[in-house]
Amino acid sequence: MKDMVKRGGGDTAAKDLQPLVNGKGSTSIAMGTKKEMELLEDHSFPVKIQGAGVEQFELEVHGFWLVQDTILAVLAKEEVAPRTCLSLSFSGIMLDPLSEIQAIKGLKAGATLRLVEEPYNPRTARAHLARLQELLRTSGPQDALREGRSPSLLDTLCPTDSNFGVPSGKGTKRSVNDTKSAQTLVDGPPPEYILPGSQECPLLPLLPNGTHTEAPSLLLDLSLSCWNPPPGPRKLQGDFLYISVCTLEGRNCDITSSPRGFYLNRSTVDVFDPRPATTHQISHCLTDLLSQISPGFKMGLAALRNRSQPPPLESMPTPYRTLSWLGPQSAVRNHRNPFNSRLGLEEHVGPQAPDWNDELQAARDLPQGSVEERLMRDRVLLQVNSAFVWAAAQGAESVIDGCVAPINGGTDDPAFLWGGLFLSRGGDGVGALGGERGRRARQRLELNGVQSYSDLEGVLQGLHTLPTAVVDYRGIRLSAQGLAPGLEGLDRGMEGGPSRGLLYGFAAGAQESPHRRKMLELLAQAAKALALQRHAVVGPTGHQVPLFTPKDTQGVVGADGRFYLLDLFHVQPADANFLVTRTEGQENREEEGQEVVEEGWSTSYSTSTGLPRPFPHGLCRLRPELIRAFIQHKTSEFSQRVRERMEESGGVEECTKDGDPRGTDAVRGACKDVGSVSDIIFEMRFNPDVFSPGVEFPSSESSAVKLQERLLREAAAFIITRQIPAFVDDCQQLNISPMDGTTLRQALHQKGINLRYLGQVTRYISQLEDKEQLKHIMRLAFGEMLMRSARRILNTYLQGIEVSSLAAAVSHFLCCLLVPHFSAASVGEEPKKRSRRRGRGVALDSTAWSALSGTELWSLLNQDAKETYNLTDGFGTNVEHLVEQYGLQKVSLLRELCLKAGIQLRLREYTLSNCNKAPISQDDILNIFPVVKHVSMTMSDASKMLRSAQNNIQKGHTQQAYDQLKEASYMFTRVCDDLHPDACACLSSLAQLAYLQGRSAEARSLQLRAVVISERVLGFDHPNTIKEYALLAVYVFAGGELGLAQRCLYRARMLMLLIHGEEHPYTATLDNSLGLVLQGEQAVQYLQNALKLNTHFRGPNDLQTALNQHLLAQRLCTVGDYRAAMTHEREALTVFQTQCGEDHPQTKCSAEFLRAITQQAVQVERTLRQGGAPSADATIPESLSPSMETTLEQLALVNGILKPTLRSKIAELKEKLKEIRVSAKPADASSELSVAVNGAVEEENPPCEKEVNGEDTSNEDTAQQDSEVSDKNEEEAAPATNQEEINSSEQTEMTDRAGDDEPNSKTVSEKGGVTITTEEPGTGEREKGETLLVANVDAKATEHGTGEDIVMNDSLEKAEVNGVDGIA
């Protein structure tokens, strides 16, 4: 790995051989020139490969590949494996492995490259055996589950698509016969367990058996011979090692490995005779020799190569383990010897452990001048981080399982070295930290601090952090870090002096050196980027210590000359809501009965919220998302205050004239009002040491500390007064709709809300009048609180249990949690019975864990919930209370806890309502896997291109967005082989655009890949996987694959019922889709359930509910129930009249459809009155039977791919925008005050967003707004003592929001990784954007006379109905 990093590549093509990594996008690195992108895009061509006993085949090569990349790609081909030690030649000339393909003269498309067999050496001979070992232990269909990885199950729904994961066009084409075979796979009605109202939630259908078969056996035995090592004479003749083989026919052979290859010798078990046997010649590849020796091996090898295999996207290793909480029904794999132990290959692994830090820093130092260089750098970084995370998981398992001895010999806080990793429990956890919980919080915050500094770019990449991960396993949390070079130089100097190599920190002492000046310059710039305030604290000797970081952070220079930051757990500022601190004056006033009001909080804040309050640990910090949102809020407040002060002083136009001091005074006054750290410019920074115990500030910092305390209290109150209401409002408007604990956590974190505020969220919801619409959020919140409390108790519970009792203890804990009043006595005897029955002779060593009862566990849960979430009412005495009150599902709770704790259960049905017998036994606990939290590496160019494409989608530039998404998809493939959540979102967005442009086959192919990536990277039952399956159903239905569309929707609904239950807004989307793809009474049943859900969560007057009414009316007409159809269409018409007006085409189309129903109902009634009976084969009028095109549009509308707009409000919106532009232009605003004026104007624009949709769908956190600051003014205002900070802060990257000069009205929606916006500029751009959006559906809409423009919107909450045959 290290050699690859230093050479700058080499492994790009071997996508099937290297585990890659995912990461978090970044926007700071430039994309490169257009010429670079053109050179990057299309430089691939096919070449022919032949020679070395391999049949000729074609290989697609890229011009930027090195020759060694091409060799790795060749070795990965099925036609070549397991051959190794090969080189390439062209026109009789051997090719240099380090030369580029594009630099080879004469090499073009169709050229032939020859494979040349190279001689072996001992190392390459063993590598050849390792490659053969990989072939013999080819993965089976259940291996992913046995290893705890989430599998891809798409092949169980569409077995004919064996090559959908191949990016090339050849693999994505589909024949007509394939389509027909796919349609015939569905017969009969939907399974009963996914019908509306079904209470059953089976687990067995979650993991059906795939179409791929187990690999055949090829040998009985393959091991090193007893005659190893070769004696001296034979070693001098070229014998590397001897191999013993037992064939399927029972023949025992001895094989010699030599420089020319492998040959059969004459040795037996009793006689050593290394001479070559005369019957067989030497073979360069061992499989050729084995095929000559054993006919069974030859037949098995052919069968192995011809067997059905998953596509590369399903089989290549994922960067990180995505845990599968369910395992196979058979815990023990069919015996298939991996041969590696008897081959002794593990004994020859390099004796030196990897230097993870050196590899990571070498990857970070790779050049970034071009797009190609940045893609290579990102790929290598992700590879290193992925390998580090896998090593951290293995190291934690080895340490906690007792396989590694501590290096310090201590028992309180042991430390370990394993595989180049330093593993520890993160301190003693006593004092202000808060014991075990404080220690865990410190480890998590340390990881967050490393992430913050790792994300810095540009010159700030000169500040380095150690590779870090946090691993939870068997109730213990370990921190894993790479070893920093030269840490041994950090020994304390004489008499407690500063550490050698320590350049910066609380204990660094006074020193002056070029290294220190450079580090201080970088720290000052990093502090500005992270909004950290420069401050001073009182040092150990009483002197002032200036800091740019928290007090605990240390800056060292390593032996490699790099600057490293250590102890970053205090980077984010403290959360004042959970810090109960009282000064002496406050305590005196409290004793006198006076009310204490903290600056920054209102007088009723404490009484109304119950905050601040104590917390189990003292490391409550604010999230970075909250800091950004709070700064954005303060920026708006500052702009408003500047405007108000200017209005009071004579008007904005007068105050912004050159030389007018009133403008400057307004800015100074506004800075003071909002709490800016500077009194001449607006700037928000935070002191991370404020409210931290053990930190003493000098008296000269008293005013600054007081201001910081005020800002932190305001930021803490901002969570309660702004962010929680905003989150709840978004949930109510269905802008966000979490389905399980993971998506709820992500949604809260996006708002900057820590999970310790879950109690505040539930209390806020319970006080709302329409709290019933948020019942699904309450269900998730209580389920998440319960599971997090249960995990904390389980961690403590597991730490004192012996390994032999782990399975029984875990099963007992799960039973106590999920079975009401579970009795421990009956289970306490069961292990002893099992022990005697299995012949162990003695009972288990310790059964103290069995003393835990359900009543005791729930008492502990209630106590933890009160301490953590201030949940005074608690959870009740058992799980049934939560099931009855909030609708929680036991199987959903079981899934959540298993995913959080790394527990894997056997796949079977569990009866969790049985109180007489334990529903989960120790045999059901298959394994406990490490749960790893790690740093997310950036994919700069790919992520930036994805965001740019999303912005173009918002503006209506769909073709440009399509091109950018294709480029982003190519970049994701280059960097991470698409195995990343962002790559999944990119492919899903690309599929939507392709579908809207009429390329449904391309959309189908792209969405198939998106489904597989989501299953493998996020989880087979992740909420995003459910949405991807629903979108895939739309695209395959458009291609005529009705059976596959139904199966996709069946699986999506089954997963939805598993992770949440039926009562969720997205279930209505799935039921509407099922109602459209099914026929007859089944369709009506699903549509009726969808209508019930939409009415509950959206209300009867919502446009989506009206769409549901119309769909139901259409399907009722198809079954002949015209009376009920009239009722539902009349309800829909009422909503359209209220929402759109009488003259709106939407209303007219609904009225026309209602008249058609009425006429048909009258005709049927007349027939009945005349004594006739309606004919069984009577055809439904064409006006009442939706066409295929109409059904496709309706499916797209229901799933958020299409959305109609309200044309009647566009003219009004344009006029209002013109008025805003005229009133928002201040005359000759100076550059110093432009931020104030423009900011105030922007505050007036958001109310107009409601005009587009009739409701506000804007997201406060979507736009990131940074205030512009003047470094020149900062220099003038700063005292001389701060000169070092000023000099180091002159170069700062500032980002501007695109489009600030032209205010736009837009509808923003973020769902499923896609952001799609309908925008209304005040000029003629709107009409052009509409044309691009509706190019493929305008004709259909016009044909039916609707006059509506169908536009994209990835929101599921608002849609309108549109006419008779062409409506949705």
Side-chain angles (χ1 to χ4, degrees), residues 531 599-602 626-657 660-686 707 710-711 713-715 717-723 725-726 729 752 1216-1217 1219-1250 1256 1258-1270 1273 1294 1296-1297 1299-1305:
E599 185 179 4
W601 286 335
S602 63
L626 190 278
I627 297 298
R628 290 194 292 267
F630 182 67
I631 292 177
Q632 181 180 347
H633 167 70
K634 280 293 185 179
T635 303
S636 302
E637 185 181 342
F638 168 74
S639 303
Q640 184 66 26
R641 291 296 302 145
V642 170
R643 189 179 185 87
E644 290 175 358
R645 284 179 173 271
M646 287 184 177
E647 293 290 350
E648 295 173 358
S649 300
V652 175
E653 296 184 4
E654 293 294 328
C655 294
T656 54
K657 289 182 178 179
D660 194 327
R662 291 177 295 178
T664 303
D665 294 339
V667 172
R668 289 178 180 273
C671 287
K672 185 177 181 180
D673 293 340
V674 301
S676 171
V677 297
S678 172
D679 60 350
I680 59 174
I681 61 172
F682 173 78
E683 185 176 15
M684 298 299 297
R685 295 202 194 184
F686 301 90
L707 174 61
R710 167 195 162 188
L711 287 177
R713 291 192 187 98
E714 289 181 358
F718 182 74
I719 300 176
I720 303 297
T721 59
R722 295 291 295 270
Q723 294 304 93
D729 184 65
K1216 290 190 177 183
L1217 288 174
E1219 295 176 2
I1220 291 174
R1221 284 198 182 94
V1222 172
S1223 62
K1225 293 180 179 179
D1228 302 326
S1230 65
S1231 60
E1232 181 182 3
L1233 305 179
S1234 60
V1235 62
V1237 180
N1238 294 339
V1241 173
E1242 289 171 0
E1243 283 297 292
E1244 295 182 2
N1245 290 344
C1248 296
E1249 294 174 354
K1250 296 184 179 181
D1256 186 5
S1258 62
N1259 192 332
E1260 292 180 6
D1261 291 341
T1262 305
Q1264 298 295 332
Q1265 179 178 355
D1266 296 324
S1267 60
E1268 295 185 2
V1269 297
S1270 170
N1273 292 338
M1294 305 301 294
D1296 300 324
R1297 288 194 337 186
D1300 281 344
D1301 54 334
E1302 291 186 15
N1304 295 331
S1305 174

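Sequential numbering from 1 along the given sequence is applied to the chain's residues. Because the structure is predicted, anything quoted here is derived from the model rather than measured.
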Looking at side-chain heavy atoms only, is the closest gap between Phe630 and Arg722 below 4.5 Å?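 Of all side-chain heavy-atom pairs linking Arg722 with Phe630, none is under 4.5 Å.
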Indicate yes or no: at least one non-hydrogen side-chain atom of Ile631 is less than 4.5 angstrom from one of Thr635.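 The answer is yes, as the side chains (C-beta and beyond) meet within the 4.5 Å cut-off.
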Testing the basics here: between [X] and [Y], what is the closest heavy-atom pair and its distance to 0.1 Å?
X: Ile680; Y: Cys671; answer: C-SG, 4.3 Å
X: Val674; Y: Leu711; answer: O-CD2, 3.9 Å
X: Ala629; Y: Gln723; answer: CB-NE2, 3.8 Å
X: Met684; Y: Gly675; answer: SD-O, 4.1 Å
X: Leu626; Y: Gly752; answer: CB-O, 3.4 Å

Are the side chain of Thr656 and the backbone N or O of Gly663 linked by a donor-acceptor pair below 3.5 Å?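 Not at all, since once roles are kept as given, no pair shorter than 3.5 Å links the two residues.
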Arg713 side-chain N/O to Glu599 backbone N/O, donor-acceptor pair under 3.5 Å: yes
Roughly how far, to the nearest 0.5 Å, is the [atom2] atom of [Y] from the [atom1] atom of [X]?
X: Cys655; Y: Glu647; atom1: SG; atom2: CD; value: 8.0 Å
X: Arg668; Y: Ser678; atom1: CZ; atom2: OG; value: 8.5 Å
X: Met646; Y: Asp660; atom1: CE; atom2: CG; value: 9.0 Å
X: Thr721; Y: Trp601; atom1: OG1; atom2: CH2; value: 12.0 Å
X: Ser649; Y: Glu654; atom1: OG; atom2: CD; value: 11.5 Å
X: Glu644; Y: Glu637; atom1: CD; atom2: CD; value: 9.5 Å

In sequence, state the C-alpha distance, the side-chain angles, and the governing distance for Phe686 and Val677, and then conclude on side chain to side chain contact (heavy atoms under 4.5 Å, CB included). CA-CA 9 Å; Phe686 301 90; Val677 297; over 6 Å; no
Below 4.0 angstrom, N of the basic side chain to O of the carboxylate: do Glu714 and Arg710 qualify?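 Salt bridge between Glu714 and Arg710, a charged N being under 4.0 Å from a carboxylate O: yes.
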Salt-bridge present (Arg645, Glu648; N to O < 4.0 Å):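 Not counted as a salt bridge, because no side-chain N and carboxylate O are separated by less than 4.0 Å.
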Apply side chain to side chain contact (heavy atoms under 4.5 Å, CB included) to the pair Arg643 and Val652, showing each step before the final yes or no. CA-CA 7 Å; Arg643 189 179 185 87; Val652 175; 4.2 Å; yes
